[in-house]
Amino acid sequence: MAHRATPRQQPGVESHERHPHHPGDLPPHHPQLPPHPKICRDTVAILLATNGHAPGLADTARTLVSELVTNAVLHTASPTIDMETAVLSDGVRVAVYDDSPAAHLEPLAPAWDGEGGRGLLLVQALAQAWGVATARPYGRKHVWFELRSGSGG
């Protein structure tokens, strides 16, 4: 299943041009951050529940989806962010696409007193596999992860 979010054109959310700050200037849980992380994590949780996966797997997937979508909203200038979800018999694979040219991402040690900077560390710690790739033929970067039953539930 693919979900398409348009960060600066979502109904009910101020556009980038009218908002005094770029979404990248807002902390991850700021009330003016577009609702895309919530929409995407709820979508994945519903897909997993509908397919009979344990609630713990959905909880872990929700956390990781939220981190990847929030990173794409805050750290890229992508007009569109796409999420692709493959529900498997023994888990789930999720990819979040954006237009950033950065094809190599490394989890960095966050500032001890910082509010952010832990997203990729969480993905690295909780996913059975994860990575960054460039999709052909369009050249869009995507960050993906895989979770297997028993990893989160």
Side-chain angles (χ1 to χ4, degrees), residues 1-10 13 16 19 21-51 53-88 90-135 140-153:
M1 163 166 211
H3 176 75
R4 177 168 282 224
T6 308
R8 290 164 196 84
Q9 299 172 357
Q10 189 73 9
V13 175
H16 175 61
H19 194 279
H21 303 286
H22 180 277
D25 297 333
L26 300 173
H29 301 292
H30 193 280
Q32 291 180 339
L33 182 68
H36 314 300
K38 179 180 180 359
I39 293 167
C40 291
R41 69 180 175 251
D42 289 350
T43 300
V44 170
I46 290 167
L47 288 170
L48 288 169
T50 301
N51 284 279
H53 285 287
L57 183 68
D59 291 342
T60 302
R62 287 172 58 93
T63 298
L64 300 187
V65 164
S66 188
E67 293 300 332
L68 295 187
V69 174
T70 297
N71 282 351
V73 170
L74 292 179
H75 301 298
T76 74
S78 296
T80 302
I81 295 166
D82 295 312
M83 180 183 78
E84 182 177 78
T85 303
V87 177
L88 312 169
D90 65 342
V92 64
R93 184 177 197 279
V94 176
V96 175
Y97 294 79
D98 63 54
D99 296 320
S100 172
H104 184 72
L105 298 177
E106 290 286 328
L108 302 173
W112 69 272
D113 60 349
E115 286 187 26
R118 292 168 181 81
L120 289 179
L121 291 172
L122 279 171
V123 173
Q124 183 178 46
L126 298 175
Q128 274 62 54
W130 77 280
V132 181
T134 301
R140 295 190 81 207
K141 178 193 78 190
H142 63 281
V143 183
W144 60 271
F145 69 84
E146 290 183 7
L147 293 174
R148 300 292 176 190
S149 296
S151 67

Nearest-0.5 Å distance, [atom1] of residue [X] to [atom2] of residue [Y]:
X      : Y      : atom1 : atom2 : value
Asp90  : Gln128 : CG    : CD    : 9.5 Å
Thr63  : Leu68  : OG1   : CG    : 11.0 Å
Asn71  : Asp98  : CG    : CG    : 9.5 Å
Lys141 : Thr76  : NZ    : OG1   : 6.5 Å
Arg93  : Glu146 : CZ    : CD    : 5.5 Å

Do the non-hydrogen side-chain atoms of [X] and [Y] ever get within less than 4.5 Å of each other?
X      : Y      : result
Val96  : Ile81  : yes
Arg140 : Thr134 : no
Val69  : Arg41  : no
Glu67  : Leu120 : no

Could you give me the CA-CA distance, side-chain angles and deciding distance for His75 and Thr70, then say whether side chain to side chain contact (heavy atoms under 4.5 Å, CB included) is met? CA-CA 8 Å; His75 301 298; Thr70 297; over 6 Å; no

Smallest separation among heavy atoms of [X] and [Y], with atom names:
X      : Y      : answer
Ala61  : Leu48  : CB-CD1, 3.8 Å
Asp99  : Pro79  : OD2-CD, 3.2 Å
Val143 : Val132 : CG2-CG2, 4.1 Å
Phe145 : Ala127 : CB-CB, 3.9 Å

Check for a donor-acceptor pair, side chain of Glu84 on one end and backbone N or O of Ala95 on the other, with a separation under 3.5 Å. no

Using the side chain to side chain contact (heavy atoms under 4.5 Å, CB included) definition, which of the options Leu47, Val44, Val94 pairs with Val87? Leu47

Of all residues at least two apart in sequence or in a different chain, which pass the ring-ring contact (aromatic ring centres under 6.0 Å, His included) check with Tyr97? His142

Can you name the salt bridge (charged side-chain N to carboxylate O under 4.0 Å, His left out) partners of Asp42, sequence neighbours left out? Lys38, Arg62

Step by step, work out the side chain to side chain contact (heavy atoms under 4.5 Å, CB included) result for Leu147 and Leu64. CA-CA 10 Å; Leu147 293 174; Leu64 300 187; 4.0 Å; yes

Listed partners of Ile46 passing side chain to side chain contact (heavy atoms under 4.5 Å, CB included), at least two apart: Thr50

